[in-house]
Every structure is written in C-alpha cells, then in structure tokens.
Amino acid sequence: MGKTIIIVGGQWGDEGKGAIIDFLAEKADVVARFAGGNNAGHTVCVGNEVYKFHLIPSGIIHKKLNIIGNGTVIDPEVLVSEIEGLEKRGFTIDSSNLVLSSSAHIITADQISEDQATGARIGTTGRGIGPCYKDKIARRGKRVADFIKENNKEAKKLRPLVKETYLIINEAIDSGKKVLIEGAQGALLDIDHGTYPFVTSSNPTTGGACTGLGIGPTKISNSIGIFKAYITRVGGGPFTTELGTEQQTKSEESLSELKSKLSKDGFEHLYRKIIHQANQSDEYSEGRLLRIQGGEYGTTTGRPRRTGWFDAVAAKYSIMINGLSSIVITKLDVLSNLRKLKICTHYEIDGKKTGRFPLNLEELKKAKPVYIEMDGWDEDLTKITEFKKLPEKARKYLEKIEEILKTKISILKIGPKRNQTIVVDNKFLF
Ligand code: GDP
Ligand code: IMO
Ligand code: MG
C-alpha cells in the first residue's frame, strides 16, 4: 500500500496549509481536497510567483494529479476562473492533472445571496458555503453530475474533468502511490468540533478526509496538523488569547490602504512606534505587530485577521480530535522584534484553572488565558536553513511548544516561500 498523509489546519484556518502542501507535493503523486469550497484561500509562493488557490489543490504547480473530492462544494464560476487563471500562466489543465468528483455539490446563486443576507452574525466569507451544505443535508442539493448536463460555459469546461473520484484515489493508494490530502479551514472551525456556531459548515478535521474522499481510515498512514507560531481568526467568535479587541482589528484599514495613505518614512515611523508599544506590553500593539509582520489580511476577503498568542489548550484539543502524529509550525519569522512571547497553557474559567478546551460557548467566552512567558528575539529568521542555526531563544520557544503538546514538530516555516521551509523530522513525511 502507498503512503497517505492528511494535512489539516490545527487552528482557525490560514495556518499556511497551501505552502506546506506545495512543499510536500514534490514527493507526492496525488493531492486531494476533501471539504469546504472557495471560502478557503491557500497561498503558494515559489520564487517571485504567488498563487492563490480557492478550490484547486495546491499540488497543481507540480503537475501532480489533483482531486477535488465529493465532500467539497463548488462554485463553478470560481473553479473555471481558477483554471483559466492557471492556463493564462502557461499551465495545461486536463483530466491528467485535475479531476472533480461527480458527487460534490454545486453552490448556486440563491445560496450565495442567502449567505450574504444572513452570514454577518457569524462573519462568513459570503461564498454560499453554509446554505449549500444545508441543502446537501436536506437532500435537495444540486450535484456536479447534474450540473454538467447543463448547456453553459462552465458546464462545458468542467465536463471532461468530472469523474467518480473515489475509484481514482483508492486505486492510487492500492497501487503504492503517495497521496497527500489537503485540508481547508481548521479544526476550530469544524461544524462538530469547532467553536459552534462560529464555525464553517463542514468537517475540516481528519475524519472529514475519509468521508470527503471515499477512503477508509485504514488507508491513512499519517495525519499532520499545521499551526502558526501564534494564532489568528477571521470572522466572529470567541478567541481566548486575542490581543486587542475584535472591534479594534475590524476598524483597521488593510495593509495596502495604510501603506498608500502614508509615505515610506511615515509607514516606517508608525511601524517602529508599534514595535515600541508592543514591547511596553500594550496588547493591541502586540497583536497589530503580528498582523503587520505576518501579513495577516485574508486571502479570500482581504479582512484584517484577529491575532493572538499561541493557544496550547486549543492546540492540544486539535491534536486529540485529529489524531495528529506531528505538527508543522509556520510563520516563526513573524515573532521577531518582540522582547517577550507568551504561550497559553491553561484557561481560567470561573476562578478555576483547566487544561480542557470547553465546547460550551458561554464557558469558552468566560475563559481567561493563563500564560507562561518566553524570551523573544530580534534576529531575522527568514534566511535560516537549519533548525540548529536558529537563535537559541527561538529554539527554546519551539521546544517548549513540543514539550507542552507532547508532539513533535516535523516541519518549520520561516517565510512564505517554498525554500523557506525547514524539515525538522523526516520520519513523519514521505
Ligand atoms: P492557508 O489557508 O492555510 O493555506 O493559509 P493562507 O495562504 O490563507 O495564509 C497564510 C499566509 O502566510 C500566506 O500569505 C502565506 O504566503 C504566508 N506564509 C506561509 N508560511 C509562512 C511563514 O512561515 N512566514 C511568513 N512570513 N509567511 C508565511
Ligand atoms: P482556509 O482554508 C480562515 C471562517 C470564516 C467565518 C467562518 C464561517 O484559507 O484556512 P464560511 O464562509 O465558511 O461559512 O464562514 O469560517 N473561514 C475561514 N477562516 N480560513 C479559512 O479557510 C476559512 N474558511 C472559513 O471567516 O468565520
Ligand atoms: Mg487561507
């Protein structure tokens, strides 16, 4: 049997799944998406080229076989424009490198309107995701197999790519191929396990990979979770380690708006001021610094992302419900310039310290973070090529995370590009 590795987001999404999938896809034969739709935005940076994928798996650049599984929801216009975007950049897209499950569901214009009219309470992406899954469960959805019978541009374009993908993926695994399964969203956005109702409408956790592709759990070799060295969230909902308030973040302009408003010197001055204030323990400035240094503005909607310290209570929960054998830490470079870093080891709820992640929303809203403090570093990490060459304080920060989570780090990312990836432990990979 081949090797099948599931990669999932361990937090509230945007952990850098696209970048890690692209890195690992070099050694894979097949890359498959199993849930979500174009609420996802996965960024891949290779040299000076930047690709933003919403539906197409991030293995497409390597010209591997990419599968969009039955558990996904498809906006045909978005998929076709993504295919055409790649074709304009010189890629040939056909059924040798992209196939789409005939059982995936189609997002309709009515579902998008419904999401836009009702999604504000949750802060959805407005892409029709929730209404589409709702109609799927109510057994009145439209599937890809029905859509491609229609006589329109999108149906014609997608028709040759539509297959019964369960067969393709199982045959690949059975014939010894290496299969990489690409999660979208993150564990804390899971409809069953996330911070309900502030969640998405699918199962982005590892269990969803089996149902969303039609493969059995005995065929999974390994599950790896991606975590940022801190944590972010877009949209509403409780966020225990948040720095500053949701309102403060929401009222900010995007980075490009800020940069276009200020001169180069003006921006540099503001940036220095934010670093200074962050190091005076001003929480909002700490969060804003992470936002600016991490480019934390949504790939799909451009919204400023809420930022906070690494939440080990949530991470342990995510490791448990996903059954993760190792973790990837991304964006370690973003923590530079902070004199002190915090890791949340416990929550305090009604005066009691707990390591349990509460599923009850009222309880979670009351949770206060209990932190340990670690020394930060000023060095730029983006050119480092080996774990042992990291500043000692950065190594200690990672070792502390491993110790608290009792889980090994397999890969570390210190920048957005493919070559800014450090393999720490090969044992969990292809
Ligand atoms: P995904 O949804 O999990 O694929 O993540 P996104 O692409 O939405 O967001 C992650 C962002 O961080 C993207 O802009 C990536 O290019 C960028 N990124 C990924 N890894 C790193 C890293 O280690 N350092 C920095 N600075 N940026 C990274
Ligand atoms: P990737 O794959 C971050 C969030 C939305 C909102 C909630 C519900 O790029 O990590 P939805 O439109 O799914 O009904 O919105 O889920 N959300 C994401 N946040 N990254 C994502 O995907 C997300 N997909 C959905 O912001 O809070
Ligand atoms: Mg994203």
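In what follows, residues are counted from 1 in the order of the sequence shown. Everything quoted here is computed from the prediction, not taken from an experiment. In each ligand, atom 1 is the first atom listed, and ligand 1 is the first ligand listed.
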*Hey, does Gly294 come in under 3.5 Å of ligand 1, counting only N/O atoms on both sides?*
no
*Compute whether any side-chain donor of one residue and acceptor of the other, for Asp110 and Thr108, lie under 3.5 angstrom apart.*
no
_Closest contact, heavy atoms only, Leu55 versus Ile68_ = O-CD1, 3.7 Å
*asked:* Under 3.5 Å between any N/O of Asp115 and any N/O of ligand 2: does that happen in this structure?
replied: no
*Find all atoms of ligand 1 within a distance of less than 4.0 Å from any non-hydrogen atom belonging to Gly415, and give their numbers and elements.*
20 (N), 21 (C), 22 (C), 23 (O), 24 (N), 25 (C)
*Contact atoms of ligand 1, heavy-atom distance to Gly18 under 4.0 Å*: 4 (O)
*Identify, by atom number and element, the atoms of ligand 1 in contact range of Val334, meaning under 4.0 Å from any of its heavy atoms.*
26 (N)
*Answer yes if the side chains of Asn222 and Ser325 hold a donor-acceptor pair under 3.5 Å, and no otherwise.*
yes
*Where does the angle between the aromatic ring planes of Tyr347 and Phe357 fall among parallel (under 30°), tilted (30 to 60°) and perpendicular (over 60°)?*
tilted
*asked:* Checking Ser202 against Thr200: is there a side-chain donor and acceptor pair closer than 3.5 Å?
replied: no
*Contacting atoms of ligand 1, where contact means under 4.0 angstrom from a heavy atom of Lys413*: 20 (N), 23 (O)
_Contact partition for Trp12 relative to ligand 2, non-hydrogen atoms under 4.0 Å_ = backbone
*Taking just the N, O or S atoms of Asp14, which one is nearest to the Mg ion (ligand 3)?*
OD1
*If you measure from each heavy atom of Arg127 to ligand 2, is any distance below 4.0 Å?*
no
*Between Trp377 and Ser336, is any side-chain donor less than 3.5 angstrom from a side-chain acceptor?*
yes
*For atom 8 (C) of ligand 2, which of Ile226, Leu188, Val199 has the closest heavy atom?*
Val199
_Heavy-atom closest contact (Val199 atom, Ile122 atom, distance)_ = O-CG2, 4.0 Å
*What are the atoms of ligand 2, with element, lying closer than 4.0 Å to any heavy atom of Ala184?*
2 (O)
*Give yes if a backbone or side-chain nitrogen or oxygen of Gly41 is under 3.5 Å from a nitrogen or oxygen of ligand 2, and no if not.*
yes
*asked:* Between Lys178 and Asp29 (salt bridge meaning N to carboxylate O under 4.0 Å), is one present in this structure?
replied: no
*Taking heavy atoms and a distance under 4.0 Å, where does Asp14 meet ligand 1: side chain, backbone, both or neither?*
both
*Which of the numbered atoms in ligand 1 are below 4.0 angstrom from a heavy atom of Cys45?*
16 (O)
*asked:* For Lys340, is there an ion pair with Asp375 - N to carboxylate O distance below 4.0 angstrom?
replied: yes
*Heteroatom distance test (Ala40, ligand 2): nitrogen or oxygen, under 3.5 angstrom*: no
*Is the closest side-chain donor-acceptor distance between Tyr230 and Glu286 under 3.5 Å?*
no
*Check each heavy atom of His42 against ligand 2 and say whether those closer than 4.0 Å belong to the side chain, the backbone, both or neither.*
side chain
*Find all atoms of ligand 1 within a distance of less than 4.0 Å from any non-hydrogen atom belonging to Arg305, and give their numbers and elements.*
8 (O), 9 (O)
*asked:* When you measure from the heavy atoms of Gly13 to every atom of ligand 1, does any distance fall below 4.0 Å?
replied: no
*Using a strict cut-off of less than 4.0 Å between a Lys/Arg side-chain nitrogen and an Asp/Glu carboxylate oxygen, indicate whether Arg305 and Asp14 qualify as a salt bridge.*
yes
_Closest to atom 5 (C) of ligand 2 among Ala35, Gly123, Gly235 (heavy-atom distance)_ = Gly123
_Proximity winner for atom 17 (N) of ligand 2, if only heavy atoms of Asn38, Asp14, Asn39, Leu189 are counted_ = Leu189
*asked:* Does this structure show an ion pair linking Glu268 with Lys264, if we count only N-O contacts that are shorter than 4.0 Å?
replied: no
*Any idea which of Gly16, Gly295, Pro416, Ser336 brings a heavy atom closest to atom 16 (O) of ligand 1?*
Pro416
*asked:* When you compare ligand 2 with Thr124, is there at least one nitrogen or oxygen pair between them that comes in under 3.5 angstrom?
replied: no
*Shortest reach to atom 3 (O) of ligand 1 by a heavy atom, considering only Gln293, Gln420, Lys17*: Lys17
*Tyr51 ring centre to Arg89 NZ or CZ under 6.0 Å, with the angle to the axis within 45°?*
yes
*asked:* List ligand 1 atoms under 4.0 Å from His42, heavy atoms only on the residue side.
replied: 1 (P), 2 (O), 4 (O), 7 (O)
*Got a salt bridge between Glu392 and Arg395, using NZ or NE/NH1/NH2 to carboxylate O under 4.0 Å?*
no
_So, 2.8 Å as the limit: is an N/O/S atom of Gly41 located closer than that to the Mg ion (ligand 3)?_
yes
*Residue among Ile411, Val328, Leu324 satisfying side chain to side chain contact (heavy atoms under 4.5 Å, CB included) with Ile224*: Val328
_Salt bridge present between Glu154 and Lys157 (N-O < 4.0 angstrom)_ = no
*Under 3.5 Å: N/O of Lys331 near N/O of ligand 1*: yes
*List every atom of ligand 2 that sits less than 4.0 Å from any heavy atom of Lys17, numbering the atoms from 1 in the order shown and giving each element.*
1 (P), 2 (O), 10 (O)
